[in-house]
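Worksheet for the structure shown next.
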Amino acid sequence: MTTETSAPTSHDSSSHASRPTRVRIAPSPTGDPHVGTAYIGLLNYLFAAQRGGKFVLRIEDTDRTRFVSTSEQMIFDALKWIGLRWDEGPDVGGPYGPYRQSERTEIYREYIQRLLDNGTAYKSFETAEELEAMRQSQLAAKQPPRYNGAHRELTAAQIAAFEAEGRPAVIRLKVPASGNTTFRDELRGEITFDHNNVDDQVLLKSDGFPTYHLANVIDDHLMQITDVIRAEEWISSTPKHVLLYKAFGWELPKFWHMPLLRNIDKSKISKRKNPVSLNYYRDSGYLPQAMLNFLGLMGGGMAQPTEQEIVSKGLNTKEGDIFSLPEMLEKYDFSRISLGGPVFDLVKLKWLNGEYIRKQSPDEFFATMRSTIFSDEYLRAVAPLVQTRLETLGQFGDMTSFLFSDNVMPPESVWLPKKRETADTLKFAEEQLTALEAAAWDTVSIDASLKKLGEEKQWSVKENFMLLRAIISGSTQSPPLLESLIVFGKARTLDRIRRFIAFQKLPKRN
RNA sequence: GUCCCCGUCGUCCAGCGGUUAGGACACCGCCCUUUCACGGCGGUAACACGGGUUCGAAUCCCGUCGGGGACGCCA
């Protein structure tokens, strides 16, 4: 029970193989739809479709503090934008719903009681503050931060006493004190973790919501998930999940941990160093087929065309890198995936996108333009910003070019306020960025968060707004700032500010 | 700090015991061209290091080093 030293028995694997393939992605609605979600989504989609299985979309909204109400719909839209469809999910329903974890809290409560009853989980009454203090002191002492297990063996009387005090509790997983857990990663083989390196993970928070670990195991079981295809960052918590499956007496799914997408410096892809919002790519004019193609390139699951194919189809050598979703369905091979974390290289993405643009017929290209940057919807939003400011229609381009350009980089004479230093101004720009990241994307919210920041930092509204105007429009003159930001979109706005700051911090030549 | 994963051109991939280590992006040069881009041709550029195993290692094993991830009442 506590130790697993051999592979699953043949009985287990044969019964496993007989189950119809079911996979899922489980994004969390905490902000913009993430490029990593699309990557893992694509892989899951391919995996299911190649095996005649089902692809499930489940929303993991158990963190009330990070919940963003607009996020779920953006996730649906973004995944549809790149061309993925799912068989079951909150929007399309299905036999294993509900597909939103916030609607499944009764289920989690019922199942965690089983764990409490069979002694594989326990109540723990420390406050978040106490735990944080403990973590800090462990970190300071260069010790691995871990729960000290103080409440692992509370008596019924002690628990009753805490509860009588009205102290809130969390429920933790009781990881066996000794032994180890081994599980199979389908890409890497067996991985073993010693139990003294596995923490007593919180399973149920004091607000009654489950953590990912609990909800994910229960839902994957209840939803009959056969293969868990997720990012590599989950490897180190997989032993906890395995322990949970065992505590419930459930059959394990297969685990496939995909290499993490990386920034140029090889760290895990992050918004500070790379645009990660799918909205950014959509709004900046990347074609969904190009994005999907590019994600398919990451990890190397696509076989290169054989010499025969190159000859018979008259392919150019570069066309080994260009393929559609149907071609991925046909050729993508999970056993080919290479484990080194692929750098998400914008330069190659842009090249690919250019290939797709050039491949379109003139009519198709026109249609693409008309449905994106020159759509009726977009122009309808832009028009009111400039109508009163125009004397001739020809001035439209002069006034709105920043909305249609990628390379906007004002000179210092434009963005630096008269009474400010360069360093202070850049610092303030970073604070604007942080404020805007947290803001809901409407004029009232943006206005409020900018003004709040200005007051805190002693920046006048004029200086504050003018700096942002310069960064976004490249000029001291522009259509009304807040309305322009709305039209321009949150993802592109944030990216433009980040790029401005990054550019200004570059060592100056001459 | 502890544990886990990974390691072929700058980047993405090929290679799965015997190759002049291949392709793509990027970069450089030449051609095409009124410009730019596209396109064509060519070029620079990698097996992290050290031990094994083997007649023979980029390929298998071990170690070192390097990179990454995890260590939350986040997912």
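All chains are named by letter (A, B, ...) in the order of the sequence lines, taking the proteins before the strands, and each is independently numbered beginning at 1.
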Atom-pair distance ([atom1] on [X]; [atom2] on [N]), nearest Å:
X        : N      : atom1 : atom2 : value
A:Phe193 : B:rC3  : CZ    : P     : 11 Å
A:Arg64  : B:rG72 : CZ    : P     : 21 Å
A:Ile264 : B:rG10 : CD1   : P     : 16 Å

Using a 4.0 Å heavy-atom cut-off across all strands, classify [X] as base, sugar-phosphate, or nothing.
X        : answer
A:Ser124 : nothing
A:Arg336 : sugar-phosphate
A:Ser206 : base
A:Val170 : base
A:Leu139 : nothing
A:Met302 : nothing
A:Pro145 : base
A:Thr62  : sugar-phosphate

Any Lys/Arg nitrogen of A:Arg24 or A:Glu88 sitting under 4.0 Å from an Asp/Glu carboxylate oxygen of the other?
no

Could you tell me how far [M] sits from [N] if I compare only their [atom1] atoms? Round to whole Å.
N      : M      : atom1 : answer
B:rC62 : B:rA26 : C1'   : 37 Å
B:rC61 : B:rU54 : P     : 16 Å
B:rG15 : B:rU33 : C1'   : 40 Å
B:rC9  : B:rG43 : C1'   : 14 Å

Check the phosphate of [N] against [X], side-chain N and O only, distance under 4.0 Å to OP1 or OP2. Yes or no?
X        : N      : result
A:Lys266 : B:rG69 : no
A:Arg66  : B:rA75 : no
A:Arg146 : B:rG1  : no
A:Lys318 : B:rG22 : no

With both distances under 3.5 angstrom, what nucleotide forms a Watson-Crick or G-U wobble pair with [N]?
N      : answer
B:rU2  : B:rA70
B:rU19 : none
B:rG7  : B:rC65

Contact list please: residues 283-296 of chain A against RNA chain B, heavy atoms, distance less than 4.0 Å, in numerical order.
none

Looking at RNA chain B, which of residues 351-359 of chain A put a heavy atom within less than 4.0 Å of it?
A:Trp351, A:Glu355, A:Arg358

Would you say the side-chain atoms of A:Ser405 and A:Asn407 include a donor-acceptor pair closer than 3.5 Å?
no

Would you tell me whether A:Thr238 and A:Arg230 have side-chain atoms, one donor and one acceptor, within less than 3.5 Å of each other?
yes

Start with the C-alpha distance between A:Phe47 and A:Trp256, add both sets of side-chain angles, then the distance that settles ring pair (Phe, Tyr, Trp, His ring centres under 6.0 Å), and finish with yes or no.
CA-CA 11 Å; A:Phe47 190 91; A:Trp256 306 72; 5.2 Å; yes

Looking at A:Ser236 and B:rC3, is any side-chain donor or acceptor paired with a base atom of the opposite kind under 3.5 Å?
no

Looking at B:rA26, does its base get a donor-acceptor pair with the side chain of A:Lys348 below 3.5 Å?
no

